[in-house]
Amino acid sequence: MAESIPVEHADGHADHGGHHEMSFSEKYIFPLDHKMIAMQYMFTGMFMAVIGGFFAYAFRMQLAFPGINVPGWGVVTPADYNALVTSHGSIMIFWVAMPVLIAAFGNYLIPLMIGADDMVFPRVNRLSYQIFLLSAIIILASFFVEGGAFGGAWTAYPPLSTKAEYSLTGIGSTMWILAVALEFVAFLLGGINFITTAMNSRAPGMKMWDIPMVVWMIVIASILFMLSVGPLLAGGIMMMFDQQLGTAFFDPDRGGDPILWQHLFWFFGHPEVYVVLLPAVGIVADVMTVFSRKKLFGYKTVLYTAIGTGVLSFTVWAHHQFVAGIDPRMANVFTVTTLLISVPIAEMMFVYIATLYGGSITFKTPMLWALAFIFEFLIGGITGIFLGASGNDIYMHDTYFVLAHFHYTFYPIAIIGTFAGFTHWFPKMFGKMMNDNLGKLHFWLTIIPFNLIFLPLFVLGAAGQHRRIYDYQNFPELSLPWMQDLRQLATISLCVMLGAQLIFFYNVIKSWMSGPAAGKNPWRASTLEWTAASPPPHGNWPEGLPTCYRGPYEYSHPDHEEDYWPQNEPA
Amino acid sequence: MSARPIATTRSAAGMPTPRLAVWWVIASEIVIFGGLLGSYIMHRIAHGEWAEYAANTNTMIGATNTFVLLTSSLFAVLAHQAAERGDGKTAARFLYMTTGGGLVFLTIKAFEWTSEISHGMTITANTFWSFYYTAAGIHALHVIAGMIIMLFVAQTAKRNEDLHRVEIIGIYWHFVDIVWIFLFPLLYIAK
Amino acid sequence: MTAEEHHEPSFYVKIWAILLVLLIVSVLGPMIGIKWITLLTAFGIALVKAYLVAVNFMHINLTPRYVVYLVTTTLVFMLLFFAGSAPDVMKEHGRNWEKPAWIATEAAYQAGELDLGHGHGGDHEAESGHHGQSEHH
């Protein structure tokens with residue numbers, strides 16, 4: 001393995017040790033370069049997204065057309081159904097949102113945006129991806145062991161998750177825990193790398209307030225992750241002992257306490273929402289300023305609200321447990337904190353709308369995604385306020401209203417935010433422009449079906465449709481004709497949306513192969529990554545690392561004749 | 001040795017990158033042990049009868065192990081001090097002594113556990129013993145990890161290379177020591 | 001590696017000696033047999049020891065201030081976790097639930113019939129029955 005991180009000169013030769021050509025495996029399979037590791041994370045995440053989407057398709061087909069022989073899967077049995085919904089949730093959060101939003105964009109953007117040649121610990125970075133890949137393999141392999149994949153929902157509440165005689169997936173549930181725990185270790189390693197890189201390796205002259213928002217957000221998210229995941233890691237070990245050694249940490253029949261697991265899980269689980277939200281918010285900030293040619297309105301406000309959201313997110317976790325019989329006095333406290341957390345997020349939304357106000361907006365594909373993020377996330381956020389009130393939540397809990405609510409938050413985060421970032425930085429990543437018309441077609445064919453999937457589910461949830469039910473025909477009051485119609489509408493919309501992703505993949509491959517060359521700075525953006533070549537070579541700036549002179553969003557500045565003022569341009 | 005990226009050599013936050021990183025590692029470890037020990041303390045306060053189970057732990061063995069870890073921490077800090085003087089050979093010798101301390105700790109632990117398990121106090125006996133073995137076991141894994149890393153660091157320190165690593169592994173080792181400082185009263189003294 | 005970090009070996013040995021004295025006190029504390037003194041010597045001294053190690057061995061006071069804030073933040077979050085979880089975990093029954101093993105053990109403990117080492121009763125008796133001997137002497 002290459003011990004050195006050679007800084008290449010323009011002629012492609014390594015800086016150290018004379019002539020050192022990297023072999024294929026050094027460059028693509030075991031790379032140390034942050035950009036290649038980012039691509040590994042990105043494409044692994046996309047691959048897992050396809051799998052997670054396929055799972056959603058299989059169980060939605062079962063819900064809309066009970067007992068149908070689903071093309072591509074077969075008949076969905078009850079055990080299949082449980083395994084599919086559990087894996088869909090776990091994969092979409094831990095193996096799609098986290099690797100793409102934090103690891104892929106973090107790895108790609110942090111060194112480029114702060115003007116460094118690589119992450120501070122390239123080998124830890126590589127190790128982080130390898131552990132992540134191992135965890136992905138384990139979660140997929142659990143489908144092929146005896147009993148099948150774990151079916152106890154992504155929250156893994158005991159005793160269902162700890163006792164094989166209840167879950168019927170003795171090995172599968174342990175593999176699930178192991179995969180999740182390894183994934184956490186991977187992101188702890190990656191997170192330490194992101195935090196220390198952004199803290200220590202900034203370009204000369206780059207002060208706290210000159211750091212682009214997306215870097216700030218990924219770093220804050222990594223810190224949140226790091227501070228919240230510990231109890232769940234400990235809890236994961238306890239649960240694994242419960243499953244395999246026969247301890248009784250979470251078994252009330254033998255002196256344990258199942259509610260302890262819920263606390264351990266949600267103490268991580270709620271900050272986790274903000275862990276994935278913040279990078280998406282950062283991406284949107286960068287995209288919006290570029291495509292409205294305006295300075296970010298209230299840079300420090302966004303930053304302080306992000307930190308405030310982060311701190312508050314540690315105080316709201318028990319709102320997931322209102323029906324678990326928790327102490328009612330605590331339920332009051334958690335209701336108040338939950339409603340409070342909407343304040344900084346709302347403030348952030350206002351700041352973004354103020355950024356758009358008076359800007360010269362161009363509706364390129366990335367901008368459409370960024371605007372859709374604000375719009376769709378608002379729906380998710382507002383329905384969250386209904387659920388945060390403990391009195392209302394007792395009725396709404398575990399219905400499709402909750403499900404539609406968190407899909408209206410996670411979908412904008414994990415899918416819309418990712419597409420905004422991916423289409424925005426595609427020219428930098430591959431040196432080619434994407435086709436804008438195909439991009440817009442893909443955008444509309446994703447956004448409209450998305451709303452048609454989840455708006456009906458709000459209605460169904462408010463009508464009392466519970467989650468985690470295999471076949472609603474067993475419940476006459478939940479299988480009225482109009483309800484089944486709405487279920488079919490949601491499922492058909494899902495199929496349309498999944499099909500529309502083919503346009504995206506076609507566009508990526510086509511543009512990568514034969515798109516027009518992008519040049520260094522196709523969007524005329526001012527942050528540092530646009531001063532490197534597209535795609536940046538090993539070492540990012542072989543001619544010498546940049547120096548920073550001003551803030552990241554100097555668009556339409558009155559003292560500068562061009563409408564953008566690169567961060568590295570001396571005054 | 002390897003040429004590092006320029007990024008690694010910068011220190012805009014006023015601290016060398018490795019030392020900064022090890023403090024972040026420690027922060028993430030604090031919450032892991034915090035979640036586990038917090039759960040233990042909740043149970044311990046709520047269950048009066050756990051005092052009876054805890055009475056079966058051997059305070060003298062726990063105290064001996066505390067002594068061993070404190071002493072190994074002294075060696076670790078002396079290694080750091082030698083490394084600062086640029087004396088890699090002495091630093092390596094102190095690191096080997098620290099590793100030896102870890103080995104003594106684990107050996108004592110092994111005898112202690114063997115005796116307890118042979119008396120029926122297994123990890124499944126009741127929730128107190130489950131916490132006892134889980135907490136001490138996770139701590140022991142950290143001791144083992146620290147020892148392995150320390151042997152690698154000693155190898156390079158002997159050749160007077162990468163002497164800053166001596167301090168980094170030392171900080172980690174002291175943290176493992178502090179965890180034991182809290183495990184000792186939690187599992188052994190409070191009865 | 002700033003200049004003020006340099007201490008003579010004798011300084012570290014002195015700290016180590018103080019730690020050992022504290023260790024002996026914490027072992028002797030419970031022998032007095034008063035509960036609050038035991039708690040004080042056990043956990044008060046653990047805090048003092050941790051402080052001594054963090055300051056003198058880890059040199060936390062010589063690192064930039066934010067490291068102290070970081071470590072404090074993690075501890076505060078752990079307190080928060082404790083405060084939010086303990087009200088539920090520390091109750092034997094709440095709204096619509098109870099912990100049968102807890103109630104049974106508590107009753108046995110009050111009656112002085114606690115089976116040490118053989119758990120909280122219930123179906124576990126059968127599993128651990130083969131351990132045979134009790135560790136209680």
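All chains are named by letter (A, B, ...) in the order of the sequence lines, taking the proteins before the strands, and each is independently numbered beginning at 1. Predicted, not measured: the structure shown is a model, and the values here were computed from it.
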So, for [X] and [Y], is the gap between ring centers shorter than 6.0 Å?
| X | Y | value |
| --- | --- | --- |
| A:Y157 | A:F265 | no |
| B:F105 | B:H139 | yes |
| A:F268 | A:W317 | no |
| A:F314 | A:H270 | no |

To the nearest 0.5 angstrom, please state how far the NZ atom of A:K35 sits from the CG atom of A:L109.
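Taking NZ in A:K35 and CG in A:L109, the distance rounds to 11.5 Å.
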
If I measure from the heavy atoms of chain B, does [X] come under 4.5 Å with its side chain, its backbone, both, or neither?
| X | result |
| --- | --- |
| A:T247 | both |
| A:L260 | side chain |
| A:M119 | backbone |

With chain B as the partner, which of [options] has the greatest number of non-hydrogen pairs under 4.5 Å?
| options | value |
| --- | --- |
| A:L233, A:T197, A:L232, A:I195 | A:I195 |
| A:L189, A:V124, A:I223, A:I114 | A:I223 |
| A:L227, A:L188, A:D242, A:V229 | A:L227 |
| A:P111, A:A203, A:G256, A:G235 | A:A203 |

Is it the backbone or the side chain of B:F33 that comes under 4.5 Å from a heavy atom of chain A, or both, or neither?
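Looking at B:F33, nothing touches chain A.
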
With a 4.5 angstrom heavy-atom cut-off, could you sort out which part of B:I30 is near chain A: side chain, backbone, both or neither?
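Contact with chain A: none, neither part.
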
Within the structure provided, determine whether B:L70 and B:I181 are in side-chain contact (heavy-atom separation under 4.5 Å).
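SC-SC contact between B:L70 and B:I181 confirmed.
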
N-O pairing of A:K27 and A:D33 below 4.0 Å
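So A:K27 does not pair with A:D33 through a salt bridge.
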
Between B:G35, B:A135, B:S28, the one whose heavy-atom pairs under 4.5 Å with chain A are most numerous
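It is B:S28.
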
